[in-house]
There are 2 protein chains.
Amino acid sequence: MADNDWTPPPVLLAVDLVIFTLRDAVLHVLLVERGVDPFRGALALPGGFLEHDREGVLAAARRELQEEANLDASQLHLEQLGAYGAPDRDPRGRVVSVAYLAIAPGLPEPLAGSDAARASWTPVPDVLAGRAKLAFDHRDILDDGLERARSKLESSALATAFCANTFTINELQRVYEAVWGVELDPRNFYRKVQATNDFIVPLGNERRAGRGRPARLFKAGNQTTLYPPLVRPN
Amino acid sequence: MADNDWTPPPVLLAVDLVIFTLRDAVLHVLLVERGVDPFRGALALPGGFLEHDREGVLAAARRELQEEANLDASQLHLEQLGAYGAPDRDPRGRVVSVAYLAIAPGLPEPLAGSDAARASWTPVPDVLAGRAKLAFDHRDILDDGLERARSKLESSALATAFCANTFTINELQRVYEAVWGVELDPRNFYRKVQATNDFIVPLGNERRAGRGRPARLFKAGNQTTLYPPLVRPN
């Protein structure tokens, strides 16, 4: 590569977004129905090409989320998942995609625009079971995003953001179960949740009536990092 | 972006490598001295452009490691760190770099080639203290690689790969200290190391003489994932 006449091959840069939310205690991912070729009519993660050569990659991701699903990304923490650059991943040419992840509660219904014919929250179990097939290598990107999200619940207090201001241990457990895709033992879960000081804070003697005996109520504490981490069952 | 005349701006794709090893109980990173502009004469991570538009990104990383440092990457586990694509990160134009990380014991002396005037193992503390300055955004990439390496030692048995076939707890502790950049309390460390079954296995009554009382000897067990993780001090 010391050859002075040689120039590197140009590639196209795309961005794709894995946006998770919880709806009715089920993990959902934002998918669009492609309105243009290739894969017209197929489900895909929202995304698209860099618009001009001075646009930042993260800025492009925010713009695409706005254009394709009418979701305001300015309030979302987008974290980079990685680059996807297999030579044959896009029939239009050599396209390298940088994927971003966000996990947020209470996101509104998306509204399709731009290259998307439709945009909707799709239950993640439907994708995992193969009932919703994705274009390009977007299933790989989704799988990587899911693993990252599951790992974030181990080391951070993120799960409380998916609960109401006051919540029961059982409600918190259901967030973990929805994201991890497993059933948890309530006693083990309660013990592990208490290992980090100020992860959740009991609300005195307030209890919520329900089936069985009234459940204690908690609110989120100030601790954002779980130490020790609350790890998934092996 | 529904405009049919519009074409996305072409970008150039590069790869960069963060390769860590331990030498004399100090973490070292592979750096090259750039033999070409821009940043000629500056230290940088090994790397370079995609060679042709059918080359895989990981394949390009392996090739660059071979070309610039004469290191055989076929035996290294290269893991992707992420994409670096700030519009102004490279004066030659819009260059997006995909960075890879490898952490391996016993790597040989590098031998400079291609665009590298020199290649050498550089102590990471020298880079962190600002005594070795890096070209482009390579310091950011190195910092991200270091954080990933530190995290890997929390959740995997990787550290034993940096010890001899039989080792003392103190030798294992020094690997953790070198990568984490902290001093650890021997008693806490010993207790935490034993939390994962089959992470390390005691060798009967064999002991190694040294200062103080003879130290027990261990070998690596079969467990590759630490559960619970061995987390850094807060």
Side-chain angles (χ1 to χ4, degrees), chain A residues 1-2 4 6-15 35-36 48-60 63-64 67-68 79-88 92-99 113-116 144 151 154-155 192 195 225-234, chain B residues 1-2 4 6-15 35-36 48-60 63-64 67-68 79-88 92-99 113-116 144 151 154-155 192 195 225-234:
Chain A
M1 229 185 262
N4 285 325
W6 179 84
T7 53
V11 305
L12 301 179
L13 192 75
V15 291
V36 295
F49 288 115
L50 202 66
E51 197 166 60
H52 56 83
D53 71 1
R54 298 296 303 161
E55 185 178 41
V57 189
L58 178 58
R63 177 183 49 72
E64 285 291 341
E67 285 181 8
E68 293 213 324
E79 133 178 359
Q80 198 194 103
L81 264 180
Y84 296 79
D88 57 357
R92 290 166 294 189
R94 187 65 187 262
V95 178
V96 176
S97 178
V98 179
S114 183
D115 299 340
D144 291 348
S151 163
E154 296 185 315
S155 56
K192 287 180 174 177
T225 304
L226 302 189
Y227 185 89
L230 207 168
V231 285
R232 279 168 275 181
N234 226 349
Chain B
M1 223 180 268
N4 285 324
W6 179 85
T7 53
V11 305
L12 300 180
L13 192 75
V15 291
V36 295
F49 289 115
L50 202 66
E51 197 166 61
H52 56 83
D53 71 1
R54 299 294 306 159
E55 186 178 40
V57 189
L58 179 59
R63 177 183 49 71
E64 285 291 341
E67 285 180 8
E68 292 212 324
E79 132 179 358
Q80 198 195 104
L81 264 180
Y84 295 79
D88 57 356
R92 291 166 292 188
R94 187 66 186 265
V95 178
V96 175
S97 179
V98 179
S114 183
D115 299 340
D144 291 347
S151 164
E154 295 184 316
S155 57
K192 287 180 174 178
T225 305
L226 302 190
Y227 186 90
L230 207 169
V231 285
R232 280 170 274 182
N234 228 349

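Labels below follow one simple rule: chain letters A, B, ... track the order of the sequence lines, proteins then strands, and each chain is numbered from 1.
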Exercise. When rounded to the nearest 0.5 angstrom, what distance separates CZ in Arg94(A) from NE2 in His52(B)?
Worked result: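 Separation between the atoms: 9.0 Å.
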Exercise. If you measure from CD on Gln80(A) to OH on Tyr84(B), what distance do you get to the nearest 0.5 Å?
Worked result: 7.0 Å
Seminar exercise, completed: Ranking Ala86(B), Pro87(B), Gly82(B) by heavy-atom pairs under 4.5 Å to chain A gives rank one to Pro87(B)
For this session: Would you mind telling me which of Val57(A), Val11(A), Asp53(A) has the largest number of heavy-atom pairs within less than 4.5 Å of chain B?
Result: Val11(A)
For this session: Heavy-atom pairs under 4.5 Å with chain B are the metric here; pick the option from Pro8(A), Gly93(A), Pro10(A) that has the most.
Result: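 Looking at each option in turn, the highest pair count goes to Pro8(A).
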Quick one: what part of [X] sits under 4.5 Å from any heavy atom of chain B, side chain, backbone, both or neither?
{"X": "Val98(A)", "value": "side chain"}
{"X": "Pro228(A)", "value": "neither"}
{"X": "Arg232(A)", "value": "backbone"}

Exercise. Should Val96(B) and Val96(A) be marked as a side-chain contact (heavy atoms from CB on, under 4.5 Å) after you check the CA-CA gap, both sets of side-chain angles, and the distance that decides it?
Worked result: CA-CA 9 Å; Val96(B) 175; Val96(A) 176; 5.8 Å; no
For this session: Compare every heavy atom of Tyr227(B) with every heavy atom of Val231(A), then report the nearest pair and how far apart it is.
Result: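 Heavy-atom minimum between the residues: CG2-CE1, 3.3 Å.
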